[in-house]
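The structure appears right after this line, and notes come after that.
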Amino acid sequence: MKLNVNNLEGNEIADDYSRQAATRGRWGETWDVFKSNFGKIVLINIIILITFAPAIAIMVFRSMYIANLGAMYPFNANTGIGYPYYPDVQGLAENIHLTADLLFYSLLVVAGFIAAIGLSGGAYSIKKMLGTHGKFSIKGFFHGVKVCYFNTVLPLTIFMVFLVGTMLLGDWKDYVIAIGESRHGPLTAYSFAIIATILVGIYCAWVFVVGVSYRVKIAQVFKNAFVLLIGSPLQTVFFAAFSMIPVWLFIIGSAVSIVKIISYIVFIFLGFSFMLLVWLSFTQWVLDLYVTPNIKAAQEEAKANLSPKELAAQKQEEDKRTAMELLAAGKSELIGKPIKPISEENAICAISGAFTRESIGKVSSEREKLKNEVLSYEQEHMSDPVYAEYNKLFAEREKALKSESKKGKKKKLSADNLLKK
């Protein structure tokens, strides 16, 4: 099956900047952006962190709520008559977690709508920094929120639903095992849910990238995201794992105190920005692999459908544009007239150490012949649009300068003032 990415070329979301070519390669450019714009990256991360504040607050309140219920329920109560009373608490703790998580994890999905504000603006800003070698503005951040919010909140919500469902399934699994029922079914369901959540998460990450990078219909976003995922599965898994380094530090920190402190510092200053920087840099590389060939193919196909008259008009327009570019560089005799291309046929024979008058005459004859061919080539091609337009533009500028000099002070003609009226 041939994989094809459609409707992306020409629709890049870059309203307040023009993407420039990477001068040092994709990862060299990413490293330059990171080390040269560290303060901007930290600022973007703090703004994103603010939008994640509701989600963080929900998780904190969840922990406090479960802790308070644990203190209130009679896990080991005393009846007051001298001996402890041990009630039947089988599965009670697991039921508390399940009941609390139904409430707080549902709120967590809602908090994703606020977090999407920071992610959409941050993604647009990081993408802009990668494309322009470091340009960033607060206005551009909120412009990114405006143009990318919907395409951010949609995949984020889909992923959050799967993530919350998996966590609730884990609570249910713990409860079923705690009350003594069969564990095989719940464990199998929980394992498949984890795998599905990981796959959906990676797919949603691609949907997010396509959505914040190109202005296309939502159905096309999902289709292209699938094609890009299938087209680069190993690279996607590797860079998805690499971009999640702040998360891995956080997980390790739950067991190692010093790593936990480091993970908090990383998340406050770099966590979200680092993940976006790595993921967007990698995905832009993949997008360029798919989109750039399509642009060339579309141009060639469009050119093949043109009539000879339209092709001639297009050629003339290209020659005019070339002449304008050369005009900006200043007039040059080497550019203003045709120069015969060098070929082996026009080579003049070399004179050896032992030469005769006949050899000198032959060289002289060949030089004269070459001179005539150069002049002939120049006269033949002087009327070509690229040369005619180039000389015409300079002639018009020179004429305008001469007419002005009659009225006032005489101006000296040069490559600089030829471009000034």
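When reading the values below, keep in mind they use all heavy atoms of this one structure, side chains included, and skip hydrogens, waters and symmetry mates. Sequence positions, counted from 1, serve as the residue numbers for this chain.
The OG atom of Ser273 lies 5.0 Å from the CD1 atom of Ile48; values are rounded to the nearest 0.5 Å. Once rounded to the nearest 0.5 Å, the distance linking NE2 of His133 with OG of Ser36 reads 11.5 Å. Atoms OG and OH, from Ser232 and Tyr290 in turn, are 6.0 Å apart once rounded to the nearest 0.5 Å. To the nearest 0.5 Å, the span separating CD1 on Ile126 from CZ on Phe136 amounts to 8.5 Å. Between the CH2 atom of Trp172 and the OH atom of Tyr175 there is a distance of 11.5 Å, given to the nearest 0.5 Å. Atom CD1 of residue Ile252 and atom CH2 of residue Trp248 lie 9.5 Å apart, to the nearest 0.5 angstrom.
Among all heavy-atom pairs drawn from Val176 and Ser182, the shortest one is CG1-O, 3.7 Å. Residues Val209 and Thr283 come closest through the heavy atom pair CG1-OG1, 3.4 Å. Across every non-hydrogen atom of Tyr124 and Gly140, the tightest pair is CD2-O, 3.5 Å. Nearest approach of Leu107 to Ile58, heavy atoms of both residues: O-CD1, 3.4 Å. Here the closest non-hydrogen pair linking Leu156 and Gly112 is CD2-O, 3.3 Å. The minimum heavy-atom distance between Gly253 and Lys260, with the atom names listed, is O-CB, 3.1 Å.
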request  = Give the C-alpha distance, both sets of side-chain angles, the deciding distance and a yes or no for side-chain contact (heavy atoms from CB on, under 4.5 Å) between Phe269 and Phe274.
outcome  = CA-CA 9 Å; Phe269 294 103; Phe274 176 83; over 6 Å; no
ask   = Given the rule in the side-chain contact (heavy atoms from CB on, under 4.5 Å) test, do Phe52 and Ile114 qualify, once you have shown the distances and angles that lead to the verdict?
value = CA-CA 7 Å; Phe52 271 78; Ile114 301 174; over 6 Å; no
query = For Met129 and Ile44, what are the C-alpha separation, side-chain angles and deciding distance, and is it a side-chain contact (heavy atoms from CB on, under 4.5 Å)?
reply = CA-CA 11 Å; Met129 290 176 68; Ile44 292 171; 3.8 Å; yes
ask   = Step by step, would you call Leu277 with Leu130 a side-chain contact (heavy atoms from CB on, under 4.5 Å)?
value = CA-CA 8 Å; Leu277 184 70; Leu130 289 170; 3.8 Å; yes
ask   = Passes side chain to side chain donor-acceptor pair (under 3.5 Å), His143 versus Asp16? Steps please.
value = CA-CA 9 Å; His143 177 74; Asp16 58 350; 5.3 Å; no
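Cation-pi contact between Lys173 and Tyr190: present, with separation from the ring centre below 6.0 Å and deviation from the ring axis of at most 45°.
Salt bridge status for Asp288 with Arg26: present, with a side-chain N to carboxylate O gap under 4.0 Å.
The number of heavy atoms from other shown groups lying within 6.0 Å of CZ (Phe222) is above 12. Sparse packing is recorded around NZ of Lys217, with 12 or fewer heavy atoms of other residues, nucleotides or ligands lying under 6.0 Å away.
Annotation: side chain of Val286 is in contact with side chain of Trp206 (closest heavy-atom distance under 4.5 Å). Using a 4.5 Å heavy-atom cutoff, the side chains of Asn95 and Thr99 are in contact. Within the 4.5 Å cutoff, the side chain of Ile41 has heavy atoms near those of the Phe34 side chain. Counting only heavy atoms from C-beta outward, the side chains of Leu276 and Phe208 approach each other to under 4.5 Å. No side-chain heavy atom of Phe226 sits under 4.5 Å from any side-chain heavy atom of Val207. Between Val145 and Thr152, the closest side-chain pair of non-hydrogen atoms is not below 4.5 Å. Asn224 has its side chain out of reach of Tyr214: every pair of non-hydrogen atoms, C-beta onward, lies at least 4.5 Å apart. Looking only at side-chain heavy atoms (C-beta outward), Val212 and Val147 stay at 4.5 Å or farther from each other.
A donor and an acceptor atom, one from each side chain of His97 and Asp174, are nowhere located under 3.5 Å apart. Counted by atom type alone, Ser281 and Trp27 present zero donor-acceptor pairs between their side chains at under 3.5 Å.
Of the possible polar contacts, none joining the Tyr105 side chain to the Leu163 backbone as a donor-acceptor pair under 3.5 Å is found. No donor-acceptor pair closer than 3.5 Å links the side chain of Ser213 to the backbone N or O of Val210. Proximity of a side-chain donor or acceptor of Asn37 to a complementary backbone N or O of Val33 within less than 3.5 Å is detected. Between the side chain of Asn11 and the backbone N or O of Val216, no donor-acceptor pair lies under 3.5 Å.
With sequence neighbours left out, Thr51 forms a side chain to side chain donor-acceptor pair (under 3.5 Å) with no residue at all. Evaluation of the ring pair (Phe, Tyr, Trp, His ring centres under 6.0 Å) rule for Phe104 yields Tyr65 as partners, not counting sequence neighbours.
The only option from Lys127, Lys128, Lys135 that meets the side chain to side chain donor-acceptor pair (under 3.5 Å) definition with Tyr17 turns out to be Lys127.
A ring-centre distance under 6.0 Å is found for Tyr264 and Phe250.
Using cut-offs of 30° and 60° on the angle between ring planes, the pair Trp285 and Phe282 is tilted.
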